[in-house]
S.K.: 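Can you keep this structure in mind? I'll have questions shortly.
Owing to the predicted nature of the structure, the values given are computational and were not obtained by experimental measurement. Below, chains carry the letters A, B, ... as their sequence lines are ordered, and counting in each starts from 1.
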Amino acid sequence: MTPTAPRVRFAPSPTGYLHVGGARTALYNWLFARKTGGTFVLRIEDTDAERSSEANTQVILDGLGWLGLSWDEGPIFQGAEVARHRGDAERLLAEGKAYRCFCTREELEAHRKAAGGDTYKYDGRCDRLTGAEVAARIAHGTSSVIRFRMPQEEIAWDDAVHGRISFHGRDLDDMVILRSDGTPIYNLAVVSDDIAMRITHVIRGDDHISNTPKQIALYQALGARLPVFGHVPMILGADGKKLSKRHGATAVGDYQDQGILPAAMRNFLALLGWSPGEDREVMTEAEMISLFSLEAIQKKPAVFDTVKLEWMNGQYLSSIPTADLVAPVARELERMQVHVGGSHLLPPYIDAVKSRARTILEMAERVAVRLDSRHVKLDDKGRKLRLKMGDAFVGSLKTALETLSPLGESEWSAEPILERLKARADADGMKLGDLLQPIRVAVTGSTVSEPVNELLEVVGRSSSLARLTRAAERSW
RNA sequence: GGCCCCAUCGUCUAACGGUCAGGACACCACUCUUUCAAGGUGGUAAUACGGGUUCGAUUCCCGUUGGGGUCACCA
């Protein structure tokens, strides 16, 4: 390994599912590592024992695996490193860069109220305690935290995506770095770990910008060399607000469930806040890696557009061989409790449906409709067509039944079906479409399908006739 | 509210001071198919506002407005 090879990390906390924003951050780290020949480390930030869980950790690992984001080291669990975290905090204390604070939560709350709330900053009163006073309180067994004394100076860095960002220490709190129970607070744990793991590039969400000056101060106090920081923009919902549960699907698992392909998700996520230029959109993994750069990342937040994601998925779906679709569609059908009778029977159904579906789920639903008439549901456009056509709708169905019933089982295939329907339409002087579209709606419930004659063949003689009869009688 | 970040079509974005401001999604129209999509062709649609700097600003500077992030013994 060359000494200049970058080391990056993705450091989620297992307090929930893998959010699409987190997934994109992971993706950018991964792309950067692969592009530069660097190392991608996975670290699980589980120092909040209350909210962390093994199940959540597994969901995150599964999500990354599904997206194909392989890590080179880890997962490393932050919770296993508390001894080092504590050591670092105590070192800062010993070097006079941090101090013990004996204030209780109640006292802090009282100060905050007295100061008027919003702009409250710890006033450093415990920093003014004499050595004797501190010793007395410790001897008395009063519990304490360790606070870091924030340098009162400008703290700035050249952000890999934003350019120069500058804060001033006077606006920053003397933050707690070690809890009274001896466990570390986030900012200390992160810095301690990133130093120990020799991380060279910290690529994370914009929501961490305000943590960065605090962490830089910690790096400097610990005498460590600064990594490059790069803050990638947030992902917003359709209403322009930060993406959250009320926007519907926000976990990568949700999209997996909807039948989005990992490659499509990865491509879409990469484009959300980054552009390779030259109007490139659909890219292979190798192209994405070779074109990637931190400097080309957008500074402003991006709205998550599920419609475009589905379009992207359709692009990928259409280039996948039917054989590769059998297993995922079969799995979905099983989940829907649709009886298939062996997945070797599936290919003709998938072919029938493939070019018209944008997700695996949609594909499975359409296959289900063809397999089992109980899945036929009249959709809005179908209903609209029936209303628009009025009596002619049922008339067309009756005509179709008359025309097709005489066809025997052995003659029931696309070619003869089309010939008969054409001949009949000609004879009756009606437009072929006026005859076919009601059939399509009666058989599938939808106005969209493969050519009607092929549809009838796939569905089969008896089921097709039964569906036409039912639709004609019920006159839907 | 303090601090910080950001600002090109509805959405994702391109344009290292000079372009008829380009592409993609979505939408509309046309076209192919004696039927649906897909495809093809075309169209509607943007530099938030006000000042500078400059021969010339989407691009550089300042301000306004608007949006976002963050202010815990959470991460």
S.K.: With RNA chain B as reference, determine whether A:P233 or A:N211 sits nearer its 5' end, using the nearest nucleotide of each.
M.R.: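 Checking each residue's closest nucleotide, the 5'-ward one belongs to A:P233.
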S.K.: Give A:R358 one of three labels, base, sugar-phosphate or nothing, depending on what nucleic acid heavy atoms sit under 4.0 Å from its own.
M.R.: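 The answer is sugar-phosphate, as A:R358 gets under 4.0 Å only of primed atoms, P, OP1 or OP2.
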S.K.: With a non-hydrogen cut-off below 4.0 angstrom, is A:S446 in contact with a base, only sugar-phosphate, or nothing?
M.R.: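 Nothing, no nucleic acid heavy atom in range.
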S.K.: At under 4.0 Å between heavy atoms, what does A:V145 touch on the DNA or RNA strands: base, sugar-phosphate, or nothing?
M.R.: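 Here A:V145 touches the bases of the nucleic acid.
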S.K.: A:S52 near the nucleic acid: base, sugar-phosphate alone, or nothing, with a heavy-atom cut-off under 4.0 Å?
M.R.: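 Nothing: the residue A:S52, judged by heavy atoms under 4.0 Å, touches no strand.
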S.K.: Counting the atoms with a prime plus P, OP1 and OP2 as sugar-phosphate, which does A:F167 contact under 4.0 Å by heavy atoms, base, sugar-phosphate, or nothing?
M.R.: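 Contact class for A:F167: sugar-phosphate only.
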S.K.: What about A:S180, does its side chain sit under 3.5 Å from the base of B:rC73 through a donor-acceptor pair?
M.R.: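 A donor-acceptor contact between them is present.
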S.K.: What does A:G277 touch in the nucleic acid at a heavy-atom separation under 4.0 angstrom: a base, only the sugar-phosphate, or nothing?
M.R.: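 No contact.
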S.K.: Students often mix this up, so state it plainly: with edges at 30° and 60°, are the rings of A:F268 and A:F304 parallel, tilted or perpendicular?
M.R.: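 Answer is perpendicular, since the angle exceeds 60°.
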S.K.: Give the nucleotide from the list B:rA75, B:rA14, B:rC73 with an atom nearest to the side chain of A:R105.
M.R.: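 Selected nucleotide: B:rC73.
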S.K.: Please write out each protein N/O paired with an N/O of nucleotides 21-23 of chain B under 3.5 Å, distance rounded to 0.1 Å.
M.R.:
| unit_1 | atom_1 | unit_2 | atom_2 | d |
| --- | --- | --- | --- | --- |
| B:rG22 | N2 | A:D279 | OD1 | 3.1 |
| B:rG23 | O4' | A:D279 | OD2 | 3.4 |

S.K.: Any strand counts, and the cut-off is 3.5 Å on both contacts for Watson-Crick or G-U wobble. Which nucleotide pairs with B:rU33?
M.R.: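 Base partner found: none.
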S.K.: Under 4.0 Å, heavy atoms only, any strand: does A:G273 hit a base, just the sugar-phosphate, or nothing?
M.R.: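 Sugar-phosphate only.
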S.K.: Find the partner of B:rU64: check Watson-Crick (N1-N3 plus N6-O4 or O6-N4) and G-U wobble (N1-O2, O6-N3) distances, both under 3.5 Å, and reply none if neither fits.
M.R.: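 The answer is B:rA48, by the H-bond criterion.
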S.K.: For a quick check of understanding: with a heavy-atom distance under 4.0 Å over all strands, which category does A:K299 fall into, base, sugar-phosphate or nothing?
M.R.: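 It contacts sugar-phosphate atoms only.
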S.K.: Closer than 4.0 angstrom, basic N to acidic O: yes or no for A:R370 and A:E457?
M.R.: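 No, no charged N to carboxylate O under 4.0 Å.
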S.K.: With both distances under 3.5 Å as the test, what is the Watson-Crick or G-U wobble partner of B:rC55?
M.R.: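 Pairing partner, where one exists within any strand: B:rG18.
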S.K.: Report the nucleotide, chosen from B:rA24, B:rC4, B:rC36, that has the shortest atom-to-atom distance to any side-chain atom of A:P451.
M.R.: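 Taking heavy atoms from C-beta onward, the closest nucleotide is B:rC36.
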S.K.: Any salt bridge between A:D158 and A:R164, counting N to O under 4.0 Å?
M.R.: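 Counted as a salt bridge, because a side-chain N and a carboxylate O are separated by less than 4.0 Å.
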S.K.: Contact class for A:D426 vs. all strands (heavy atom < 4.0 Å): base, sugar-phosphate, or nothing?
M.R.: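 Contact class for A:D426: base.
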S.K.: Considering every strand and a 4.0 Å limit on heavy-atom distances, what is the contact class for A:E278: base, sugar-phosphate, or nothing?
M.R.: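 Counting heavy atoms under 4.0 Å across all strands, no contact is made by A:E278.
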S.K.: Taking the nucleotide of RNA chain B with the closest heavy atom to each, which residue, A:R179 or A:D171, is nearer the 5' end?
M.R.: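 Here A:D171 is the residue nearer the 5' end.
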S.K.: Roughly, in whole Å, what's the span from CG in A:D46 to P in B:rC74?
M.R.: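 Rounded to the whole Å, the gap is 14 Å.
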S.K.: So, OP1 or OP2 of B:rG69: does either fall under 4.0 Å of a side-chain N or O from A:H208?
M.R.: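 No, because none of the side-chain N or O atoms of A:H208 sits under 4.0 Å from OP1 or OP2 of B:rG69.
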S.K.: Which part of the nucleic acid, if any, lies within reach of A:V452 when heavy atoms closer than 4.0 Å are counted: base, sugar-phosphate only, or nothing?
M.R.: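 It contacts base atoms.
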S.K.: Does A:K214 place a side-chain N or O at less than 4.0 Å from the phosphate oxygens OP1/OP2 of B:rU70?
M.R.: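 Answer is no, no contact under 4.0 Å.
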S.K.: In the structure shown, which nucleotide is the Watson-Crick or G-U wobble counterpart of B:rC3, with both distances under 3.5 Å?
M.R.: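 The answer is B:rG69, by the H-bond criterion.
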S.K.: Classify the ring geometry of A:F229 against A:Y219: parallel below 30°, tilted from 30° to 60°, perpendicular beyond 60°.
M.R.: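 Because their plane-to-plane angle is over 60°, the rings of A:F229 and A:Y219 count as perpendicular.
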S.K.: Base, sugar-phosphate alone, or nothing: which one does A:N453 contact when heavy atoms must sit under 4.0 Å apart?
M.R.: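 Answer is base: heavy atoms of A:N453 come under 4.0 Å of a base.
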S.K.: Mind checking if A:I165 touches a base, just sugar-phosphate, or nothing, with heavy atoms under 4.0 Å?
M.R.: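 Counting heavy atoms under 4.0 Å across all strands, the contact made by A:I165 is with sugar-phosphate only.
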